Amino acid sequence: MRQWLRLHRRAFADAAGRLARGGFGSVFDVLVMVLALVLPLALYLTLVNAMPAAGSLAADPELTVWMRPDASPAEVDAVGRALRTQAGADRVRFIPKADALARLERTAGLGDVVASLGRNPLPDAWVVTGAREPADTLDGLRPVVAALPAVDQVIVDTDSTRRLRAILRALRVATAALGVLLGVAVVAITFNTIGLQCLARREEIAVSRLLGATDAYIRRPFVWFGALQGVLGGLGAWAAAALGVALVDRELATVPEWLAGSSGLRALLPSEGLALVAMATALGATGAWGSVWRQLRDEAT
Amino acid sequence: MIALHDVTKRWPDGREALRGVSLQVERGQCLLVTGRSGAGKTTLLELIAAIRRPTSGRVLVHDEDVGRLPRRGVPWLRRHLGLVFQDHRLLHDRSVFDNVALPLRLAGAEREEIGRRVRAALDKVGLLGRERAMPVTLSGGEQQRVCIARAVVHRPAVVLADEPTGNLDPGYARDIVTLLAAFRDVGVTLVIATHAPEVFAPLAPTSAVLDHGIRIA
Ligand SMILES: Nc1ncnc2c1ncn2[C@@H]1O[C@H](COP(=O)(O)OP(=O)(O)O)[C@@H](O)[C@H]1O
Ligand SMILES: [Mg+2]
């Protein structure tokens, strides 16, 4: 175990030294990696920021049932039970009027107005989530639900929210696809860099093997190198994204509605940033591993 | 113990480097493999180190058939061998110290131990004080001695030496023979390929003479 750690420490030192001495070449490789990571990241941030209502605008179609303000708890429960038996209703959620009021106070900054009302003007509500396809399942449900006792109004998503939702979904798919694509690019970048390094160190690899180096021993410093490149690439992309968000935020702050403060654009959360770095590290290590694996396979003995 | 039983090595072009060769070296003994250039000496050593595989026959090292060693077993075998290459095979972008340290680093030895053993090995070949030199700044004979230091630094059970005195002045050649004798005396098995067997007479070796891949004596 001590020996194993020692071998890793040496391999790491070897990789770090090589990266540091690599100068321009190293910087350039890391920059390319940053670019590859920043693209899907930018799209992701656009997505989470362009949809401040993302929380309320669910991905699946919804039908909202407003109860009459004077509906008794028993009547409210009866509607809930009836909704749950309906085909096409995937999920049924209850929003008590007290919750709705609290949310209104919090999110809309209407605390003073609400306080002045003296009583809660909002009704209880049921929210039914339907399956994504076919999108019109909930439309068929609407007259049935409207006929239930103590129901005030039934609202199904409008066409425009549907369209918006479709765009949102498409963007998500695009982000995911781009993410995967450029993740592959990161692997390819390290695969290539490490491949060149293997070629440059061919003699050393050959002699080491003649003297009894295992494949793992040969691979170790290269995999560390790839991982380090990934760490730097991930950190670079994180920093670039933070900078980008800050710049856009400053521009948006001049729009009158947001004059009071920031536009509320958010950068990556620390957890997201760390996940990004971890992913880039794993991708870098994977590319390096594969590259050395191929090299060793091609040159037996 | 090292033994070859009826070993043939045929190249892809059909020519044979070795044909039906059998031989045996006991632990702590010295075997000289002699013969003219092209006789198959290097190939024979390469078979023992599993650098090449025999076309037929068996190559035994400590009862292990190294001709059929799985890929994973090869590094393990080589760490128990000390290899002196005819063309040295030093790393030219590494110092003498780093070159000699390589077998110890492969085995994950401690830093302190590496320093101690590398200096001891360099002392034995008369190169103590040249640790920081780069191989290109050394003469052919000095490079040869670095290669020998690297072959013995990890105290292998078997030393395979391909023309180990090929580039050496007679004085140094004698020193190397003395060094090899010291190893043999502590139980190291030696297999030495050479076209100049006289130099190794002090080792009281047994010998195998090859001619065009066939053992003739
Ligand atoms: N990789 C190879 N491919 C084909 N023929 C080879 C190869 N290596 C050596 N030979 C041939 O095998 C024969 C024995 O070579 P070698 O073992 O190097 O002889 P020695 O070391 O006794 O001079 C020679 O005829 C040589 O040309
Ligand atoms: Mg030879």
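Chain naming here is simple, since letters A, B, ... match the order of the sequence lines and numbering starts at 1 in each. Remember, it's a predicted structure, so these values are computed and weren't measured experimentally. Values below: all heavy atoms of this structure, side chains included; hydrogens, waters and symmetry mates excluded.
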Novice: Which bit of A:Arg9 comes within less than 4.5 Å of chain B, counting heavy atoms only: side chain, backbone, both or neither?
Specialist: neither
Novice: Please check if atom CE in B:Met134 has more than 12 non-hydrogen atoms from other residues, nucleotides or ligands closer than 6.0 Å.
Specialist: yes
Novice: Counting only heavy atoms not in B:His5, do more than 12 sit closer than 6.0 Å to its NE2 atom?
Specialist: yes
Novice: Keeping B:Arg78 on the side-chain end and A:Arg209 on the backbone end, is there a donor-acceptor pair under 3.5 Å?
Specialist: yes
Novice: Minimum heavy-atom separation for B:Pro75 to A:Gly212, with atom names?
Specialist: CB-O, 3.5 Å
Novice: So which residues of residues 79-99 of chain B are in contact with chain A at a heavy-atom cut-off of under 4.5 Å?
Specialist: B:Arg79, B:Leu83, B:Phe85, B:Arg89, B:Leu91, B:Arg94
Novice: With a 4.5 angstrom heavy-atom cut-off, could you sort out which part of B:Arg53 is near chain A: side chain, backbone, both or neither?
Specialist: neither
Novice: I'd like to check B:Arg72 versus A:Asp215 (side-chain heavy atoms, cut-off strictly below 4.5 Å). Are they in contact?
Specialist: no
Novice: Is A:Leu7 in contact with chain B via its backbone, its side chain, both, or neither, using a 4.5 Å heavy-atom distance?
Specialist: side chain
Novice: Could you check whether any side-chain heavy atom of B:Glu46 comes within less than 4.5 Å of a side-chain heavy atom of A:Leu210, counting everything from C-beta outward?
Specialist: no
Novice: Do any of residues 103-128 of chain B have a heavy atom less than 4.5 Å from a heavy atom of chain A, and if so, which, in residue order?
Specialist: B:Pro103, B:Arg105, B:Leu106, B:Ala107, B:Gly108, B:Ala109, B:Glu110, B:Arg111, B:Ile114
Novice: I'd like to know whether CG of B:Asp185 has more than 12 heavy-atom contacts from other residues, nucleotides or ligands below 6.0 angstrom.
Specialist: yes
